[in-house]
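Only one structure is covered here, and it is reproduced in the block below.
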Amino acid sequence: MKFIYSILFVVLLNYYTLAQEKVALYAEIPNATKSAEDLEEENIPVLYKYELPSAKQAVLVIPGGGYSHVAINHEGHEIAKAFNEEGYSAFVLYYRLPKDEYMEIRKIGPLQDAQRGMQYIREHYDFDKIGVIGFSAGGHLASSLSNHFDDVKIENQHAIDLAPDFSVLVYPVISMDDEITHKGSKKNLIGEQPHSDDLLYFSLEKQVSTKTPPTFLVHAEDDKAVPVANALRYKEALDRVGVINDMFIYNTGGHGFGLHNKTDARKWSEVMFTWLKDLK
């Protein structure tokens, strides 16, 4: 009988994770130079819903891609399914990439979509906690959401709380400091000659405050694309203001490994889920 129940659970889980629904984030896309009807599909932000019945917690999943593409599969859909398996509902964000031809102000486009993603979840559901997880440039966007939730870039007439309850940043781009930043992400987001205000605003290690949510960081020491110094600086900033945090560091693994670091048998996701369960 126990075996039958286990099989039934797996079947139901597969049904819910395979039957995800794609929804448009906006009726009218803000900060756009064209209407949704005139935009190509790749420039229209959407949310993929991986709902679980009776889930008490949820997560907004933000894939990476250097702000040049969205790595929606291994840093999006696979992550949502992993959270489903742990009893969370998950929502994968396909966000707009910063492009002058489609946006009046390109640098705020991704943040608008992240804020709207959090707003949408809170508008339609009543979870105990809603967190965010982001990878690489998606980690930068998740960290931007985690620190700039009070700087509202979208219409929010009902004053819905846009702050995540927890934040997970996996090999994240954090800083705009040329010594450690991912230059492609920086260029794509704020340009080749950014204003000093933008350098400060999007260097998230300089934006941490006591309002920043509890944070779990993952990185590999041999990451050549996004140096581990990004995560280390962010952790130092969190420690300075007393924000609960933890960090899982691999010696090897490079960049972009998603859930599976082929060079190390340890599963960062197992440690993360334990950490999340211990959060008060």
Side-chain angles (χ1 to χ4, degrees), residues 47-48 50 55-65 70-72 74-93 95 110-111 114-115 117-118 121 127-149 162-174 204-205 207-208 211-220 223 226 228 230-239 243-250 253 255-261 264 266-280:
L47 206 59
Y48 293 88
Y50 286 78
K56 302 294 185 183
Q57 299 189 63
V59 65
L60 178 65
V61 182
I62 307 182
V70 180
I72 197 77
H74 82 292
E75 293 175 353
H77 298 306
E78 286 187 18
I79 306 305
K81 293 175 183 179
F83 272 90
N84 277 174
E85 291 171 3
E86 295 294 325
Y88 294 74
S89 280
F91 301 81
V92 180
L93 179 67
Y95 53 95
L111 180 55
Q115 289 184 345
M118 183 61 64
I121 299 170
F127 295 112
D128 293 341
K129 288 184 178 180
I130 305 170
V132 64
I133 181 170
F135 296 76
S136 194
H140 183 268
L141 184 49
S143 183
S144 297
L145 176 64
S146 297
N147 291 284
H148 292 310
F149 50 82
L162 304 181
D165 293 303
F166 61 83
S167 180
V168 179
L169 309 176
V170 186
Y171 40 83
V173 179
I174 292 292
L204 286 317
E205 79 278 18
Q207 300 299 325
V208 167
K211 293 182 178 181
T212 304
T215 303
F216 189 88
L217 294 148
V218 180
H219 223 112
D223 191 331
V226 180
V228 68
N230 281 268
L232 292 173
R233 284 194 190 181
Y234 197 71
K235 187 181 192 315
E236 290 171 1
L238 295 167
D239 288 338
V243 172
I244 296 170
N245 72 88
D246 201 357
M247 184 167 179
F248 188 95
I249 298 183
Y250 289 109
H255 189 76
F257 47 78
L259 278 174
H260 310 290
N261 184 343
D264 195 313
R266 295 175 300 158
K267 301 295 185 183
W268 64 264
S269 58
E270 293 179 358
V271 180
M272 174 201 68
F273 283 123
T274 298
W275 182 83
L276 287 174
K277 288 174 183 176
D278 291 338
L279 274 183
K280 305 302 181 184

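By convention here, the first residue in the shown sequence is residue 1.
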Handout entry: Intermediate values then yes/no, side chain to side chain contact (heavy atoms under 4.5 Å, CB included), Thr274 and Asp278
Key = CA-CA 6 Å; Thr274 298; Asp278 291 338; 4.0 Å; yes
Exercise for the section: Return the minimal non-hydrogen interatomic distance between Glu78 and Leu259, and the atom names on each side. Expected result: O-CD1, 3.8 Å
Handout entry: Sidechain-backbone polar pair: His74 side chain, His260 backbone, donor-acceptor under 3.5 Å
Key = no
Problem - Heavy atoms from other residues, nucleotides or ligands near CD1 of Ile249 exceed 12 (cutoff 6.0 Å) - result: yes
Handout entry: Test item: Tyr250 side-chain N/O and Arg266 main-chain N/O as donor-acceptor pair under 3.5 Å
Key = yes
Practice task
To the nearest 0.5 Å, tell me how far Gln57 CD sits from Glu86 CD.
Solution key: 11.0 Å
Handout entry: Note, Ser143 side chain near Tyr234 side chain (heavy atom, < 4.5 Å)
Key = yes
Practice task
Specify the closest pair of heavy atoms between Pro63 and Val92, including all atoms of both residues, with the distance to one decimal.
Solution key: CG-CG1, 4.3 Å
Practice task
Please determine, by modelled atom types, if Thr212 and Asn147 share a side-chain donor-acceptor pair under 3.5 angstrom.
Solution key: yes
Problem - Check: Ala90 main-chain N/O paired with Tyr48 side-chain donor or acceptor under 3.5 Å - result: no
Problem - Val228/Met247 under side chain to side chain contact (heavy atoms under 4.5 Å, CB included): CA gap, chis, key distance, verdict - result: CA-CA 11 Å; Val228 68; Met247 184 167 179; 4.0 Å; yes
Practice task
Test Gln115 against Leu145 for side chain to side chain contact (heavy atoms under 4.5 Å, CB included), laying out the working first.
Solution key: CA-CA 7 Å; Gln115 289 184 345; Leu145 176 64; 3.9 Å; yes
Problem - Heavy-atom check, side chain of His219 versus side chain of Val226, under 4.5 Å - result: yes
Handout entry: Pairwise side-chain contact, Ser136 with Tyr171, heavy-atom cut-off 4.5 Å (strictly under)
Key = yes
Practice task
Compare every heavy atom of Pro164 with every heavy atom of Pro213, then report the nearest pair and how far apart it is.
Solution key: CB-O, 3.4 Å
Fill in the blank from the handout: Output for pair (Ile121 CD1, Phe91 CZ), nearest 0.5 Å, gives 5.0 Å
Handout entry: Parallel, tilted or perpendicular: ring planes of Trp275 versus Phe216, cut at 30 and 60 degrees
Key = tilted
Fill in the blank from the handout: Rounding to 0.5 Å, atoms OG (Ser269) and CG (Asn261) come to a distance of 11.0 Å
Completion exercise
side chain to side chain donor-acceptor pair (under 3.5 Å) filter on Ser146, not counting sequence neighbours, yields Ser167
Completion exercise
Residues Ala220 and Phe257: closest non-hydrogen pair is CB-CE2, 4.2 Å
Exercise for the section: May I ask you to decide if Ile130's main-chain N or O and Asp165's side chain share a donor-acceptor pair within less than 3.5 Å? Expected result: yes
Exercise for the section: Starting from the C-alpha separation in whole Å, work towards a yes-or-no answer on side chain to side chain contact (heavy atoms under 4.5 Å, CB included) for His148 and Leu204. Expected result: CA-CA 9 Å; His148 292 310; Leu204 286 317; 4.0 Å; yes
Exercise for the section: Using a cut-off of 6.0 Å, state whether more than 12 heavy atoms not belonging to Lys211 lie near its atom NZ. Expected result: no
Problem - From NE2 (His140) to CD1 (Ile62), nearest 0.5 Å - result: 11.5 Å
Completion exercise
Sorted by chain and number, sequence neighbours left out, side chain to side chain contact (heavy atoms under 4.5 Å, CB included) with Leu276 holds for Phe83, Tyr88, Phe166, Met272, Phe273, Leu279
Fill in the blank from the handout: Nearest heavy-atom contact between Pro110 and Tyr95 is CB-CD1, 4.2 Å
Practice task
Quickly, which of Thr215, Asn245, Asp246 forms a side chain to side chain donor-acceptor pair (under 3.5 Å) with Lys235? Name it, please.
Solution key: Asn245
Practice task
State yes or no: are the ring centers of Phe248 and Trp268 separated by less than 6.0 Å?
Solution key: no
Practice task
Mind checking the CG-CG spacing from Leu169 to Leu141? Nearest 0.5 Å is all I need.
Solution key: 10.5 Å
